[in-house]
Amino acid sequence: MGVLTVEIDSDTERILSNLTSDGRSTADVIREAIHIAGRLRWMEQARADAERLANDPDDLAEIRAIQRALGDTNAW
């Protein structure tokens, strides 16, 4: 297990104090924050990938071809 030393500013210290006011340790709060940051980055990457695919001309052409082949999908 690694050790992390971080210098924080007064705003961050105030937020950290608030987050540990329920009895959680600083280490627990920081670990949780890192996990949340990881999930947010993954979600942002997924959003960017979806946007890229939604605007990809080849992908859009394939979707239109499939829709033509299947006919009226609103019938279902």
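The structure presented is a predicted model; accordingly, all values stated were derived computationally and were not measured.
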For the CZ atom of R14 and the CG atom of D9, what is their distance to the nearest 0.5 Å? 9.0 Å
Which atom of D22 lies closest to which atom of L19, heavy atoms considered: OD1-O, 3.3 Å
Roughly how far apart are D59 CG and R64 CZ, rounded to 0.5 Å? 10.0 Å
In this structure, NE2 of H35 is separated from CG of L40 (nearest 0.5 Å) by 13.0 Å
Could you measure the distance from the CG atom of D56 to the CD atom of E62? Nearest 0.5 Å is fine. 11.0 Å
Sorted by chain and number, sequence neighbours left out, side-chain contact (heavy atoms from CB on, under 4.5 Å) with E32 holds for R24, I36
Is the shortest side-chain N to carboxylate O distance from E44 to R41 below 4.0 Å? no
Determine whether L4 and V29 fall in the same hydrophobic cluster, where Ile, Leu, Val, Met, Phe, Trp and Tyr are linked whenever their side-chain heavy atoms lie under 4.5 Å apart. yes
Could you verify whether a donor N or O on one side chain and an acceptor N or O on the other, from N55 and E51, lie under 3.5 Å apart? no
Measuring from atom CZ of R52 to atom CZ of R47, what distance do you get when rounded to the nearest 0.5 angstrom? 11.5 Å
Would you say the side-chain atoms of T20 pair up with the backbone N or O of L16, donor to acceptor, closer than 3.5 Å? yes
Working to the nearest 0.5 Å, report the span between CG of L60 and CG of L53. 9.5 Å
Scan side-chain atoms only and decide if S21 and N18 contain a donor-acceptor pair under the 3.5 Å cut-off. no
